[in-house]
Visitor: 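One structure is given below, represented as structure tokens, and several questions about it will come after.
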Amino acid sequence: MTTQEQIQDYINSQAELKRNDMQELHNIILELMPECQLWFLDGKNSENKTVSNPNIGYGSYIMQYAGGKTRDFYQIGMSANTTGISVYIMNIGDKAYLSKTYGEKIGKASVTGYCIKFKALKDINIEILKAAILDGLKE
């Protein structure tokens, strides 16, 4: 199964309203990043235990760990959660930047160090979300 097929299966497995929002958001991110590498992480570790929600990833950058280790990872991520959708903007160094820059403007969303979490697309300003995503592509 290709990454694109895994992504489509994951989106299609969601309840209708969340599925529609995730498909729209997937399309928006692909418009912003048309040539990006696609990722699908099923949320399982090497022992096949579930350790996180499945994630769709877009783009690529080198993630730095304490101690000097690095690994390739996605720049922008999206996943379903129990209350809605999370968008991850991984390439932002300052943990307060997203909430300071976009927190008050984005609408009904929780904005933390690298995550913007919301119940539905109708609850947020999509243009502000696009600006945050584009911001994560700059570094």
Side-chain angles (χ1 to χ4, degrees):
M1 185 180 288
T2 68
T3 302
Q4 187 64 40
E5 289 169 333
Q6 290 176 302
I7 290 169
Q8 217 44 67
D9 282 355
Y10 175 57
I11 291 172
N12 291 340
S13 73
Q14 305 302 316
E16 183 180 3
L17 293 175
K18 192 181 294 186
R19 176 176 62 239
N20 293 342
D21 279 356
M22 287 183 74
Q23 186 63 59
E24 184 176 346
L25 189 51
H26 178 66
N27 294 340
I28 287 168
I29 295 170
L30 289 176
E31 283 177 24
L32 294 173
M33 305 171 67
E35 302 295 319
C36 72
Q37 175 182 343
L38 289 175
W39 303 64
F40 182 75
L41 306 175
D42 63 6
K44 297 184 187 311
N45 67 10
S46 58
E47 286 112 44
N48 210 29
K49 285 186 177 179
T50 300
V51 294
S52 71
N53 290 328
N55 283 257
I56 301 168
Y58 308 85
S60 181
Y61 88 108
I62 297 173
M63 182 182 278
Q64 303 272 344
Y65 288 102
K69 290 193 175 198
T70 62
R71 81 170 197 173
D72 285 339
F73 205 64
Y74 55 72
Q75 290 171 290
I76 308 298
M78 172 177 61
S79 72
N81 59 57
T82 53
T83 59
I85 300 169
S86 295
V87 173
Y88 307 101
I89 301 175
M90 303 302 294
N91 200 19
I92 297 196
D94 177 359
K95 298 286 182 228
Y97 179 80
L98 273 183
S99 59
K100 282 192 299 193
T101 308
Y102 301 105
E104 290 184 19
K105 298 184 241 176
I106 199 159
K108 290 165 77 175
S110 161
V111 183
T112 59
Y114 63 90
C115 180
I116 299 171
K117 186 161 68 170
F118 50 91
K119 186 171 172 129
L121 280 178
K122 68 178 177 51
D123 296 332
I124 63 165
N125 182 323
I126 292 173
E127 293 306 312
I128 298 297
L129 180 62
K130 286 181 186 178
I133 290 168
L134 289 171
D135 222 352
L137 303 179
K138 287 180 184 171
E139 290 187 34

Visitor: Nearest 0.5 Å, what's the CD1-CG distance between Ile76 and Asn91?
Guide: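 With rounding to 0.5 Å, CD1 (Ile76) is 8.0 Å from CG (Asn91).
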Visitor: Classify the ring geometry of Tyr58 against His26: parallel below 30°, tilted from 30° to 60°, perpendicular beyond 60°.
Guide: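 Tyr58 and His26: tilted rings.
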Visitor: Same cluster for Met33 and Tyr61 if Ile/Leu/Val/Met/Phe/Trp/Tyr side chains link at under 4.5 Å?
Guide: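 Shared cluster, no.
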Visitor: Do you reckon Leu38 sits in the same ILVMFWY cluster as Tyr88, going by side-chain contacts under 4.5 Å, direct or chained?
Guide: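 No, because Leu38 and Tyr88 fall into different hydrophobic clusters, even though each may have its own neighbours under 4.5 Å.
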Visitor: I'd like to know if the side chain of Asn55 and the backbone of Gly57 have a donor-acceptor N/O pair within less than 3.5 Å.
Guide: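 Judged by distance alone, no pair lies under 3.5 Å.
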Visitor: Between Tyr10 (side chain only) and Pro54 (backbone N and O only), is there a donor and an acceptor less than 3.5 Å apart?
Guide: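 Yes; at least one donor-acceptor contact below 3.5 Å.
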Visitor: Angle between ring planes, Tyr74 versus Trp39, binned at 30° and 60°: parallel, tilted or perpendicular?
Guide: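 If you compare the ring of Tyr74 with that of Trp39, the planes turn out perpendicular.
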Visitor: Given side chains that start at C-beta, do those of Met90 and Met63 come closer than 4.5 Å, heavy atoms only?
Guide: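 Side-chain contact under 4.5 Å: yes.
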Visitor: Can you tell me how far the CZ atom of Phe40 sits from the OG1 atom of Thr2, to the nearest 0.5 Å?
Guide: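 Output value for this atom pair is 11.5 Å.
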Visitor: Should Ile124 and Leu121 count as side-chain neighbours, where that means a heavy-atom distance under 4.5 Å?
Guide: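 The answer is yes; the side chains approach within 4.5 Å.
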Visitor: With Gln23 as reference, evaluate Asp21, Asn20, Asn27 under the side-chain hydrogen bond (donor to acceptor under 3.5 Å, both in side chains) test and give the passing residue.
Guide: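 Only one of Asp21, Asn20, Asn27 forms a side-chain hydrogen bond (donor to acceptor under 3.5 Å, both in side chains) with Gln23, namely Asn27.
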Visitor: With side chains defined as the heavy atoms from C-beta onward, is the minimum distance between Cys36 and Leu30 less than 4.5 Å?
Guide: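 Cys36 vs Leu30: side chains touch.
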Visitor: Determine, using the 4.5 Å side-chain heavy-atom cutoff (strictly less than), whether Leu129 and Leu137 are members of one ILVMFWY cluster.
Guide: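 As far as the 4.5 Å side-chain criterion goes, Leu137 and Leu129 are connected within one cluster.
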Visitor: Can you tell me how far the CD1 atom of Ile128 sits from the CD1 atom of Ile133, to the nearest 0.5 Å?
Guide: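 These two atoms lie 12.0 Å from each other.
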Visitor: Consider only side-chain N and O atoms of Ser60 and Asp72, and report whether a donor and an acceptor are under 3.5 Å apart.
Guide: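 Looking only at side-chain atoms, Asp72 and Ser60 do not form any donor-acceptor pair under 3.5 Å.
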Visitor: Indicate the atoms forming the closest heavy-atom contact of Gln14 with Ala80, along with that distance.
Guide: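 Nearest pair, atom of Gln14 first, then Ala80: OE1-CB, 3.3 Å.
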Visitor: In Å, rounded to the nearest 0.5 Å, how long is the span from CG of Asn53 to CG of Leu41?
Guide: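 Going from the CG atom of Asn53 to the CG atom of Leu41 covers 11.5 Å.
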Visitor: Determine whether Ile85 and Met22 make a side-chain contact, defined as any pair of heavy atoms from C-beta on separated by less than 4.5 Å.
Guide: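 Yes, close enough: below the 4.5 Å cut-off.
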Visitor: Can you measure from OG1 (Thr83) to NZ (Lys18) and round to the nearest 0.5 angstrom?
Guide: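 If we round to the nearest 0.5 Å, Thr83:OG1 and Lys18:NZ are 7.0 Å apart.
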Visitor: Got Ile56 and Ile11 here, is their nearest side-chain heavy-atom distance under 4.5 Å?
Guide: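 The answer is yes, as the side chains (C-beta and beyond) meet within the 4.5 Å cut-off.
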Visitor: Between Phe118 and Val87, does a side-chain contact (heavy atoms from CB on, under 4.5 Å) hold up when you go through it step by step?
Guide: CA-CA 9 Å; Phe118 50 91; Val87 173; 3.9 Å; yes
Visitor: Could you report the tightest heavy-atom contact between Ser86 and Asn81, atom names first, then the distance?
Guide: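 Between these two residues, the closest heavy atoms are OG-ND2, 2.7 Å.
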Visitor: Between Thr101 and Lys105, what is the shortest heavy-atom contact and its length?
Guide: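 Here Thr101 and Lys105 meet closest at O-CE, 3.0 Å.
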Visitor: Are Leu98 and Ile106 connected, step by step, through hydrophobic side chains (Ile, Leu, Val, Met, Phe, Trp, Tyr) whose heavy atoms are closer than 4.5 Å?
Guide: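 Yes.
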Visitor: With rounding to the nearest 0.5 angstrom, report the NZ to OG1 distance, Lys44 to Thr50.
Guide: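 If we round to the nearest 0.5 Å, Lys44:NZ and Thr50:OG1 are 3.0 Å apart.
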Visitor: Are Asp135 and Ile89 side-chain neighbours, meaning at least one heavy-atom pair lies under 4.5 Å?
Guide: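 With C-beta onward as the side chain, the pair stays apart.
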